[in-house]
Structures are given as structure tokens and as C-alpha cells.
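Here's the structure, in C-alpha cells; my notes come after.
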Amino acid sequence: YMLQQKKSVRYNTGAGTLPNDIAREITEDKEGNIWVATERGIAKFTGERCEFITSHDDNLWSLNDNAVYSLYCDEDNNLWAGTFFGGVNVMYSHFGMFDFLLSDSEEYSADSKVVSSIVEIGNELYIGTENEGVFILRPDGSTSQISTSNSSITSDNIHAICMDSKGSLFLGSDYGGLFIRQNGYSSFRNIRVGGNRLNQLLSNSIYSICNDSSDNIWIGTQYGGLYRYNRATGYPERFPEEFPSGMFIWDIHEDKTGD
């Protein structure tokens, strides 16, 4: 909206002034340029001039991912871009080209660009990712991985991780259901919608798992409601029954009073 002319101007793909109509963030740099983050790169407006900045496989100094979710211009006029699958990209004001910061093969790293969960189990960190399964980071710098390529899980998109007091490992995946590896076993058991008559899951997307102080396992799903794992049957059951079944449970936490 232009205050002086008291009129609004629309910027979109149809007018050729945006690379994509999903504009997630707008920021201004120290020189007065306007930067717009979209699902297909960044639009830069310098006065009436418009420039698109997108990812190019043959250019190491371009964006490494076009899905830009956040922008920030720091006090030194460096532009920081948070992307969906490319980590953090930064364009230094004196350089004029993008460099990127993400996981690599160095010590204490996980070979994935989208991290969904980080859980401390014993003296190890379990890192759930959206494209590479689970990475386990140890204090000595060594790592191991649980993925579809080396285990019986059938999804590498892991959003929830929990280990109970008996040493059983629970993994919640996106669209892949629940994976359980009992202590002493090497393979995972998969629980999905419609997989068994005892199975009460209404959603295959598990976003939260909590082991409470009474050793109950609580499971939160995407638009499938809340569940409690029944150790006698080996399956999750909706609990409580009056809780809305269509709820999206992002996280579950127990407070100091046991609620």
C-alpha cells in the first residue's frame, strides 16, 4: 500500500513480480531494498526494479533450496534465509552471494537438513529427522543411524522419540505409524491404522510420545487424537474416550505434580 498515492499495488506471479504467490516473510535491508521469502526463492525489490533469487544446481553460491520460510537482515546488512530443506543460507553484504550453513560430516553432526526432534537418552542424543531416520550422537563423537536402509522401520520421517524405563524404543513417524523395538530385540514392530483389530489408531502420523512418571506411554497424533499404550495388549488405545478424536497433538509434557 502506497500512502502518498493512497492506493495499493498487487505483487504476484501473474504480474511477474513474484516467483511464487506464497509469501512467507518480508524484510527490509539497510539500503532500503525489500526482500520477500516465497516457496520458490526470494524476490528483491530495489525501487521499481525486481530481481528473483533462486536455487541453481550449477551455482554453488546461489540459494541451496527455494523454499524460503524466514528472512533476517542483521546490523551488518547480512541477509539470513531459513529454508525448508537447505538449512540456513546467508548472503554477506560484502560478498553479494549466498553461502549456507547446515549439517555435514564433521564430528557431532547428523547427515540431514531437516531435524524434527532431539531427545536425550542416557548419555546419548537421539536426533529425529524428516528424511534420514534417527541419528544417535555419543559423547565420544561417534554416530550411528536408524533408517529404512539398515533397520525394519519403513519411514525415515521421524517426529517423536521415546525410550521407556524397560529400554523399549518408541518412534513416531509421519504417515508411517508407530514403531516399537523392545529391549533386547533388533527389529521394530509397526502399528498402523487398520493393521490389527486391537489397534485403535486413527492416524498414521505420530508427532509426540511421552513416558510419564507412572511409566505410561502417551501418544499424540496428527488429527487422530490422544492415545495411551496398553502394555497388556501391546497396542495404543484412545484415552480418554471423551477427548476429541480429531485433535492434532503437537507435544505432551508432564509437570511436577503429575498432570
Could you walk me through whether Lys44 and Arg49 pass the side-chain contact (heavy atoms from CB on, under 4.5 Å) check? CA-CA 8 Å; Lys44 177 186 178 182; Arg49 183 171 175 267; 5.9 Å; no
Please evaluate residues Asp156 and Thr148 with respect to the criterion side chain to side chain donor-acceptor pair (under 3.5 Å), reporting the C-alpha separation (whole Å), side-chain torsions for both, the decisive distance (0.1 Å), and the verdict. CA-CA 6 Å; Asp156 285 325; Thr148 55; 2.8 Å; yes
Could you walk me through whether Thr27 and Tyr72 pass the side-chain contact (heavy atoms from CB on, under 4.5 Å) check? CA-CA 7 Å; Thr27 192; Tyr72 173 72; over 6 Å; no
In sequence, state the C-alpha distance, the side-chain angles, and the governing distance for Asn230 and Tyr235, and then conclude on side-chain contact (heavy atoms from CB on, under 4.5 Å). CA-CA 5 Å; Asn230 187 324; Tyr235 289 93; 5.8 Å; no
Before giving the answer on side chain to side chain donor-acceptor pair (under 3.5 Å), spell out for Asp255 and Thr257 the whole-Å C-alpha distance, their side-chain angles and the decisive distance to 0.1 Å. CA-CA 6 Å; Asp255 66 18; Thr257 65; 2.8 Å; yes
Step-by-step side-chain contact (heavy atoms from CB on, under 4.5 Å) determination, Tyr126 to Leu169: CA-CA 11 Å; Tyr126 281 62; Leu169 181 63; 4.3 Å; yes
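Between Ile252 and Asp212 there is no side-chain heavy-atom pair separated by less than 4.5 Å. Counting heavy atoms from C-beta on, the side chains of Asp174 and Tyr207 come closer than 4.5 Å. Side-chain atoms of Asp65 and Asn89, non-hydrogen and from C-beta on, never get closer than 4.5 Å to each other. Between Thr154 and Phe179, the closest side-chain pair of non-hydrogen atoms falls below 4.5 Å.
Of the inter-residue distances, the one linking Ile53 atom CD1 with Glu51 atom CD reads 5.0 Å to the nearest 0.5 angstrom. Going from atom CG of Leu178 over to atom CD1 of Ile217 covers 9.5 Å, rounded to the nearest 0.5 Å. A distance of 3.5 Å separates CZ in Arg138 from OG in Ser144, rounded to the nearest 0.5 Å. Note: Asp259 CG to His253 NE2 = 11.0 Å, rounded to the nearest 0.5 Å. Interatomic distance, Leu71 CG to Arg24 CZ, rounded to the nearest 0.5 Å: 12.0 Å. Considering CD1 of Ile153 and CD1 of Ile158, their distance stands at 4.5 Å, rounded to 0.5 Å.
Side-chain atoms of Gln145 come within 3.5 Å of backbone atoms of Glu132 as a donor-acceptor pair (strictly under, hydrogens ignored). For Ser55 (side chain) and Leu63 (main-chain N/O), a donor-acceptor pair under 3.5 Å exists by modelled atom type. Side-chain atoms of Asn190 do not come within 3.5 Å of backbone N or O of Gly177 as any donor-acceptor pair. Formation of a donor-acceptor pair under 3.5 Å by the Asn20 side chain with backbone atoms of Ile22 is found in this model. Thr54 places no side-chain N or O within 3.5 Å of a backbone atom of Gly41 that could act as its donor or acceptor partner. When atom types are taken as modelled, the side chain of Ser208 and the backbone of Ile249 share a donor-acceptor pair closer than 3.5 angstrom. When atom types are taken as modelled, the side chain of Ser214 and the backbone of Asn216 share no donor-acceptor pair closer than 3.5 angstrom. Thr221 places no side-chain N or O within 3.5 Å of a backbone atom of Leu201 that could act as its donor or acceptor partner.
No continuous path of ILVMFWY side-chain contacts below 4.5 Å connects Val36 to Phe52, so the two sit in separate hydrophobic clusters. Note on Ile191 and Phe188: separate hydrophobic clusters, where clusters join Ile, Leu, Val, Met, Phe, Trp and Tyr whose side-chain heavy atoms are under 4.5 Å apart, directly or indirectly. Leu125 and Ile146 end up in different hydrophobic clusters when Ile, Leu, Val, Met, Phe, Trp and Tyr side chains are linked at under 4.5 Å. Tracing side-chain contacts under 4.5 Å through hydrophobic residues (I, L, V, M, F, W, Y), one never reaches Ile219 starting from Met247; they form parts of separate clusters. Linking ILVMFWY side-chain heavy atoms closer than 4.5 Å, directly or via other members, places Tyr229 and Leu202 in a single hydrophobic cluster.
The side chain to side chain donor-acceptor pair (under 3.5 Å) check on Asn77 picks up nothing, with sequence neighbours excluded. Residues meeting the side-chain contact (heavy atoms from CB on, under 4.5 Å) test with Thr13, sequence neighbours left out: Asp21.
The environment of Tyr185 atom OH is sparse: at most 12 non-hydrogen atoms of other residues, nucleotides or ligands sit within 6.0 angstrom.
The minimum heavy-atom distance linking Cys210 with Cys162 is given by the pair C-SG, 4.4 Å. Closest approach of Arg181 to Ser186, counting heavy atoms only: CD-O, 3.8 Å. In this structure, Ile121 and Met163 approach most closely via the heavy-atom pair CG2-SD, 3.7 Å. When all heavy atoms of Pro19 and Thr38 are compared, the pair lying nearest together is CG-OG1, 3.6 Å. Taking all atoms of both residues into account, the shortest heavy-atom contact from Arg228 to Phe239 is NH2-CE1, 3.5 Å. Here the shortest heavy-atom pairing between Trp80 and Asn78 reads CD1-O, 3.5 Å.
For the residue pair Ser155 / Asn157, no side-chain donor-acceptor distance below 3.5 Å is found, with atom types taken as modelled. Thr46 and Asn33 form a side-chain donor-acceptor contact under 3.5 Å, judged by distance and modelled atom types alone.
Among the candidates Tyr175, Phe248, Trp250, the single residue satisfying the ring-ring contact (aromatic ring centres under 6.0 Å, His included) test with Tyr223 is Phe248.
Relative orientation of the Tyr69 and Phe84 rings is parallel, given thresholds of 30° and 60° on the angle between their planes.
Using a cutoff of 4.0 Å between basic side-chain nitrogens and carboxylate oxygens, Asp215 and Lys166 are scored as salt-bridged.
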